[in-house]
S.K.: 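Could you have a look at this structure, given as structure tokens, before my questions?
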Protein chains: 2
Amino acid sequence: MATDTSQRILDIAERLVQTRGFNGFSYADIAGSLKVTKASLHYHFPAKADLGQRLIERYERNFLAALEKIDASGKDAREKLRRYAAIYEEVLRADRMCLCGMLAAEYGTLPKPMRDEMRHFFDANERWLVRVLQEGRKAKVLRFSGTPAEAAQTLIGALEGAMMIARSYGDVARFKAVGDRVLEGLNA
Amino acid sequence: MATDTSQRILDIAERLVQTRGFNGFSYADIAGSLKVTKASLHYHFPAKADLGQRLIERYERNFLAALEKIDASGKDAREKLRRYAAIYEEVLRADRMCLCGMLAAEYGTLPKPMRDEMRHFFDANERWLVRVLQEGRKAKVLRFSGTPAEAAQTLIGALEGAMMIARSYGDVARFKAVGDRVLEGLNA
DNA sequence: GTCTATAGGTGGATAGAC
DNA sequence: GTCTATCCACCTATAGAC
């Protein structure tokens, strides 16, 4: 079911990674929040690296599901990009960083399976953006120089970076202003 | 002098923070690299938070010195921005993240003095960029919508974000492509 | 300034009862 | 599945000799 113990552990761990980083929390933090012992957590996720990996997998699934909802909206590419940026904004509004943006900073300390999952998330993001960018260019609502992949990578980097800095200032408006500027630069 | 023990400690700690994060290294790591004991390190920096704070202060001083050198070059605003981005690129080429970009991710776990110093770094960056952007707009070599502050924040975020993701892919060219694109968008 | 030694705490992880 | 109890490695930090 959707609210079993494993899922609740993932919910709490997800919030901890998004606010404090993978190296910034411990099983004791989760145990305290969930009111179980650390040993119980190890039953569900033997090692912290397992927990981390499952965390990214679930995050990507949920993220891609949100992108599919955007696709299903039938809106034009410009509006799709606005909704893409709005996802980031909502995460930031919850005082969180993007899970994978956070892990990108900690890349040097992550076990290989987590590194691979993290890049898979960014690759999937890029593929979706490339499709929307091409669609928008064809429909003449978007315009950009270089390849769609370069434009997609620029957009992802700009949003992740703006998000990270805006969070340090506790200033969602700062992120929104930057996001609007970046999207504006893609308008035909 | 410039190579006394304190400075050597800061050199090693700086590299560690830029590659592994502030929560990703310990005094034992520095001690191992410098071949002294952990206790000696505490003589120079009583607490890790002190080390972290002094690290940011020195990083900002060095960074601002590099920006002054760019100013002294007498080049136009467009070239100044290119050299600004080139600083990031050189850091990435050394397999490092920007010190403060790294700390921005760890913001939720940092002691207040480090948070304040970190934001001071970004504020100083923004002030320098605002000046160059205004200069470039006046000279008609740069063009951008919105306020210079918004354009500066967008640029900082885009470079920091692109840097962080490119590092996860071990791909400096990826950063360079994004950086060029972002600068191109500011050309008059 | 650097050392040895150690305190006091927390980290991830396991064994085995229930 | 969850618990108690425990292990051992590591962490930051300090005391005090040299």
Side-chain angles (χ1 to χ4, degrees), chain A residues 1-56 102-103 105-115 117, chain B residues 1-17 19-56 58 102-103 105-115 117:
Chain A
M1 55 202 86
T3 54
D4 69 354
T5 306
S6 289
Q7 292 300 314
R8 262 176 290 168
I9 293 171
L10 289 171
D11 289 340
I12 294 167
E14 184 176 81
R15 176 176 49 78
L16 285 166
V17 175
Q18 289 185 269
T19 52
R20 304 179 53 88
F22 188 71
N23 295 324
F25 81 98
S26 72
Y27 271 37
D29 295 322
I30 304 175
S33 245
L34 196 57
K35 289 175 172 60
V36 293
T37 59
K38 288 189 292 169
S40 295
L41 303 178
H42 281 284
Y43 168 81
H44 297 278
F45 303 96
K48 200 185 178 189
D50 302 322
L51 173 58
Q53 197 181 337
R54 299 260 308 265
L55 219 41
I56 308 172
M102 206 70 167
L103 296 177
E106 296 178 290
Y107 188 79
T109 66
L110 297 182
K112 183 156 190 322
M114 287 185 67
R115 291 183 176 194
E117 286 295 339
Chain B
M1 54 199 87
T3 54
D4 70 353
T5 305
S6 289
Q7 292 300 313
R8 264 176 289 167
I9 294 170
L10 288 171
D11 289 340
I12 294 167
E14 185 177 81
R15 176 176 50 76
L16 286 166
V17 175
T19 52
R20 304 177 54 85
F22 188 71
N23 295 325
F25 82 99
S26 73
Y27 270 37
D29 295 321
I30 304 175
S33 245
L34 195 57
K35 290 177 172 58
V36 294
T37 59
K38 290 185 290 170
S40 295
L41 302 177
H42 282 284
Y43 168 80
H44 296 279
F45 303 95
K48 200 185 177 188
D50 301 322
L51 172 59
Q53 197 181 338
R54 299 261 307 267
L55 219 41
I56 308 172
R58 192 183 71 153
M102 205 72 166
L103 297 177
E106 297 179 289
Y107 188 79
T109 66
L110 297 181
K112 185 156 190 322
M114 287 185 66
R115 292 182 175 193
E117 287 294 340

S.K.: Applying side-chain hydrogen bond (donor to acceptor under 3.5 Å, both in side chains), name anything that partners Y27(B), two or more places apart in sequence or on another chain.
M.R.: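 Checked Y27(B) against side-chain hydrogen bond (donor to acceptor under 3.5 Å, both in side chains); zero matches.
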S.K.: Partners of A28(B) by side-chain contact (heavy atoms from CB on, under 4.5 Å), sequence neighbours excluded?
M.R.: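 side-chain contact (heavy atoms from CB on, under 4.5 Å) check on A28(B) returns S26(B), K38(B).
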S.K.: Tell me every residue that passes side-chain hydrogen bond (donor to acceptor under 3.5 Å, both in side chains) with H42(B), counting only those two or more places apart in sequence or in another chain.
M.R.: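 None.
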S.K.: Taking OP1 and OP2 of dT2(D), is either one under 4.0 Å from a side-chain nitrogen or oxygen of T37(A)?
M.R.: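 So the side-chain polar atoms of T37(A) never come under 4.0 Å of the phosphate oxygens OP1 or OP2 of dT2(D).
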S.K.: Indicate for each nucleotide in nucleotides 5-18 of chain D, in 5' to 3' sequence, whether protein heavy atoms under 4.0 Å reach the base (B), only the sugar-phosphate (S), or nothing (-).
M.R.: ------SBBBB---
S.K.: Using the side-chain hydrogen bond (donor to acceptor under 3.5 Å, both in side chains) criterion, which residues pair with T19(B)? Sequence neighbours excluded.
M.R.: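 So T19(B) forms no side-chain hydrogen bond (donor to acceptor under 3.5 Å, both in side chains) with any residue.
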S.K.: With rounding to the nearest 0.5 Å, note down the distance linking CG in L103(A) to CG in L110(A).
M.R.: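 Those atoms lie 5.5 Å apart.
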S.K.: At less than 4.0 Å, is any side-chain N or O atom of T5(A) found next to OP1 or OP2 of dT2(D)? Yes or no.
M.R.: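 Looking at the OP1 and OP2 atoms of dT2(D), one of them is under 4.0 Å from a side-chain N or O of T5(A).
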S.K.: Could you give the CG-to-P distance, from L41(B) to dT2(C), as a whole number of Å?
M.R.: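 So the CG-P distance, L41(B) to dT2(C), works out to 9 Å.
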S.K.: In whole Å, what is the span from the CG atom of D4(A) to the P atom of dT2(D)?
M.R.: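 After rounding, the gap between these two atoms is 9 Å.
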S.K.: After noting the C-alpha distance and the side-chain angles of I30(A) and L51(A), does the key distance pass the side chain to side chain contact (heavy atoms under 4.5 Å, CB included) rule?
M.R.: CA-CA 11 Å; I30(A) 304 175; L51(A) 173 58; 3.8 Å; yes
S.K.: Just to verify, what does P113(A) make a side-chain contact (heavy atoms from CB on, under 4.5 Å) with, not counting sequence neighbours?
M.R.: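 P113(A): side-chain contact (heavy atoms from CB on, under 4.5 Å) contacts with Q53(A), P111(A).
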S.K.: Starting at atom CZ of R8(A), determine the distance to atom P of dG1(D), rounded to an integer number of angstrom.
M.R.: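 Atom-to-atom, R8(A) to dG1(D), this comes out as 12 Å.
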S.K.: With a cut-off of less than 4.0 Å, is there a side-chain N or O of S40(B) near OP1 or OP2 of dC3(C)?
M.R.: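 True: S40(B) side-chain N/O within range (under 4.0 Å) of dC3(C) OP1/OP2.
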S.K.: Only counting residues at least two apart or in another chain, list the ones meeting salt bridge (Lys or Arg N to Asp or Glu O under 4.0 Å) with E14(B).
M.R.: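 So E14(B) forms a salt bridge (Lys or Arg N to Asp or Glu O under 4.0 Å) with R58(B), R96(B).
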S.K.: Out of dG1(C), dG1(D), dT4(D), which nucleotide sits closest to the side chain of Y43(A)?
M.R.: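 That would be dG1(D).
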S.K.: Go through the structure and list residues passing salt bridge (Lys or Arg N to Asp or Glu O under 4.0 Å) with K112(A), not counting sequence neighbours.
M.R.: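 Residues passing salt bridge (Lys or Arg N to Asp or Glu O under 4.0 Å) with K112(A): D116(A).
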S.K.: Could you state the NZ-C1' distance from K35(B) to dG1(C), rounded to the nearest angstrom?
M.R.: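 In whole Å, dG1(C) C1' and K35(B) NZ are 19 Å from each other.
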S.K.: Using heavy atoms and a sub-4.0 Å distance, could you list which residues of residues 12-20 of chain A are near DNA chain D? By number, please.
M.R.: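 Going residue by residue through residues 12-20 of chain A, none turns out to have a heavy atom under 4.0 Å of DNA chain D.
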